[in-house]
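Working notes, beginning with the structure itself.
Note that the structure is a prediction, hence the values are computed from the model and not measured. The figures here come from the full heavy-atom set of this structure, side chains too, leaving out hydrogens, waters and symmetry mates.
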Amino acid sequence: MIKKSIIVVGWCVVGFAALSPFVGLQPVPQQDSLDEWQQPGRIAALSQADQKKVLARLAYTEPAVAYTPLPDFNAIGDTNARKRAFFNYLLPHVQRENNRLRNLRRQLLELAEKKQKNQRLNINEYAFLYSLYDEFRMDVAESDPQMLQELLKRVDILPASLVLMQAANESAWGTSRFAVEGYNFFGQWCFREGCGLIPLSRGEDQSHEVAKFDTPAKSIRSYFYNLNTFHTYEPLREIRAQLRAERKPIRGEALAAGLGRYSERGDEYIAEISNMIRFNRRFLED
């Protein structure tokens, strides 16, 4: 009897090992990880079961990155070691945002194909679609092919090389006051009193503050949101959409050309980010 039990257990282990590569391909929705502004506002009329289905479509596909305080990058004497430490600290958050965007985009492309074939969408698919219109700042009363294509321009990845090089540039490799005190790696502003840190160089006629975040994850999430939604960065999204149309890789250096309005320095800023990507290419992978 014991011998038979051992044999059965052995076959179970073998079976699990054979299936595990395929099981691992299925993302596990992390529905509790959406920020308040990402939560869909138009699903209250759905049943509880349908609401869960929509939330599962919108969710992150992996657990949140464990919080760790900002390292003291100034204390790392070796330049290459400092750069690797900076990239290693931020990269998991970048990858998580991009993985969610890939999952959302895959589902959107499936819906676009259904509509192209004149197939009707079900209530969950419609709720998912309009939830994305809301999240990506599109005021859409009735979806049409043009609106769906615009949404696809926004629901897309940002190359890690671009994100990390902008973070390095804007935060002085994680050593700036705004990075140290507020996890702000991208120089993002806010305009409500007390929303962030007051710049020492702010003029008397100015009222902006530099946004303060609780975690690096929220800083990066806000950066992704800005580039994928604000009209200021429409040139970047157009470049990315053109690369998609031409079936070319989405590279950071290509998208940097769309950052002309990220900084008052315009073309000089674009050149600086592009040069940083080229110079640090050995540390980066898109």
Side-chain angles (χ1 to χ4, degrees), residues 27-67 90-112 121 123-141 143 147-148 150-160 162-163 167 182-186 188-192 195-196 211-234 236-237 240:
V28 179
Q30 305 292 316
Q31 297 180 23
D32 60 347
S33 60
L34 295 176
D35 274 348
E36 184 177 349
W37 58 268
Q38 293 175 307
Q39 295 282 346
R42 295 199 245 183
I43 65 171
L46 301 180
S47 68
Q48 289 292 322
D50 284 335
Q51 288 187 36
K52 288 182 178 180
K53 290 178 182 177
V54 175
L55 287 171
R57 281 178 167 271
L58 295 168
Y60 283 82
T61 56
E62 58 202 80
V65 179
Y67 169 77
L90 293 183
L91 184 58
H93 300 288
V94 178
Q95 291 172 330
R96 186 168 186 260
E97 293 299 322
N98 276 330
N99 286 340
R100 176 178 185 249
L101 286 166
R102 288 187 183 96
N103 189 45
L104 296 178
R105 183 176 179 83
R106 175 186 58 77
Q107 295 178 78
L108 267 182
L109 289 170
E110 291 173 357
L111 298 189
L121 305 186
I123 189 169
N124 294 326
E125 291 170 331
Y126 269 117
F128 167 72
L129 178 59
Y130 279 91
S131 295
L132 289 183
Y133 281 135
D134 288 346
E135 180 177 336
F136 288 83
R137 293 174 61 95
M138 292 181 62
D139 186 11
V140 176
S143 183
M147 291 296 98
L148 189 51
E150 174 59 30
L151 183 59
L152 279 166
K153 288 181 182 179
R154 300 179 182 218
V155 183
D156 207 343
I157 65 166
L158 293 172
L162 180 74
V163 182
Y183 291 111
N184 190 328
F185 301 98
F186 302 97
Q188 299 171 88
W189 288 8
C190 58
F191 297 91
R192 178 175 43 83
C195 63
K212 185 175 182 178
F213 300 96
D214 297 331
T215 65
K218 290 187 176 182
S219 175
I220 288 175
R221 190 174 298 185
S222 177
Y223 165 87
F224 269 76
Y225 176 73
N226 289 346
L227 264 61
N228 276 334
T229 60
F230 287 1
H231 71 277
T232 307
Y233 308 115
E234 188 172 346
L236 179 146
R237 298 194 293 271
R240 185 172 59 187

Can you find a heavy atom in the side chain of Leu129 that is under 4.5 Å from one in the side chain of Leu148? yes
Do Arg102 and Asn99 get their side chains close enough for a donor-acceptor pair, meaning under 3.5 Å? yes
Leu121 atom CG: more than 12 heavy-atom contacts under 6.0 Å: yes
Quick one: CD on Gln38 to OG on Ser131, what's the gap to the nearest 0.5 Å? 11.5 Å
Point-to-point distance, once rounded to the nearest 0.5 Å, from OH of Tyr126 to OG of Ser143: 7.5 Å
Pairwise side-chain contact, Asp214 with Tyr183, heavy-atom cut-off 4.5 Å (strictly under): no
To the nearest 0.5 Å, how far apart are CD1 in Ile43 and CD in Gln48? 9.0 Å
Search all heavy atoms of Val140 against all heavy atoms of Met147 and return the closest pair with its distance. CG2-SD, 3.8 Å
Rounded distance [0.5 Å steps], CG in Leu132 versus CG in Leu151: 5.5 Å
Between Phe230 and Arg137, is there a side-chain heavy-atom distance shorter than 4.5 Å? yes
Verify side chain to side chain contact (heavy atoms under 4.5 Å, CB included) between Glu97 and Tyr223, making sure each step is shown before the conclusion. CA-CA 10 Å; Glu97 293 299 322; Tyr223 165 87; over 6 Å; no
Write down the atom of Leu91, the atom of Ala160, and the distance for their closest heavy-atom approach. CD1-CB, 3.8 Å
If I compare all heavy atoms of Lys218 with all of Asp35, which pair ends up nearest, and what's the gap? CE-OD1, 4.3 Å
Measure from the side-chain N and O atoms of Asn98 to the backbone N and O of Leu158, and report whether any donor-acceptor pair falls under 3.5 Å. yes
Ring-plane angle category for Tyr225 and Trp37, please: parallel below 30°, perpendicular beyond 60°, tilted otherwise. tilted
Using a strict cut-off of less than 4.0 Å between a Lys/Arg side-chain nitrogen and an Asp/Glu carboxylate oxygen, indicate whether Glu62 and Arg96 qualify as a salt bridge. no
Could you state the interatomic distance from OG1 (Thr232) to CZ (Arg237), rounded to the nearest 0.5 Å? 8.5 Å
Quick one, Phe185 and His93 - any side-chain contact, counting heavy atoms below 4.5 Å? no
Heavy-atom side-chain proximity of Ser219 to Gln188 below 4.5 angstrom: yes
Please round to the nearest 0.5 Å and tell me the distance separating atom CD1 of Ile157 and atom CG of Asn228. 10.0 Å
Could you check whether any side-chain heavy atom of Gln107 comes within less than 4.5 Å of a side-chain heavy atom of Leu111, counting everything from C-beta outward? no
Would you call Glu110 and Arg57 a salt bridge, taking side-chain N to carboxylate O under 4.0 Å as the test? no
State whether the side chain of Arg154 and the backbone N or O of Phe136 hold a donor-acceptor pair below 3.5 Å, judged by distance alone. yes
Closest heavy-atom contact between Ala211 and Asn184? O-ND2, 2.8 Å
Assess, by modelled atom type and distance only, whether the side chains of Asn103 and Arg106 contain a donor and an acceptor separated by less than 3.5 Å. yes
For residues Val155 and Leu104, report the shortest heavy-atom separation together with the two atoms involved. CG1-CB, 3.7 Å
Thr61 versus Arg100: any side-chain heavy-atom pair under 4.5 Å? no
Please examine the side chains of Val163 and Phe224, heavy atoms only from C-beta on, and report whether any two atoms are closer than 4.5 Å. yes
Taking all non-hydrogen atoms of both residues, which atom of Asp50 and which atom of Leu46 are closest, and how far apart? CB-CB, 3.9 Å
Quick one: does any side-chain atom of Arg42 pair with a main-chain N or O of Ala127 as donor and acceptor, under 3.5 Å? no
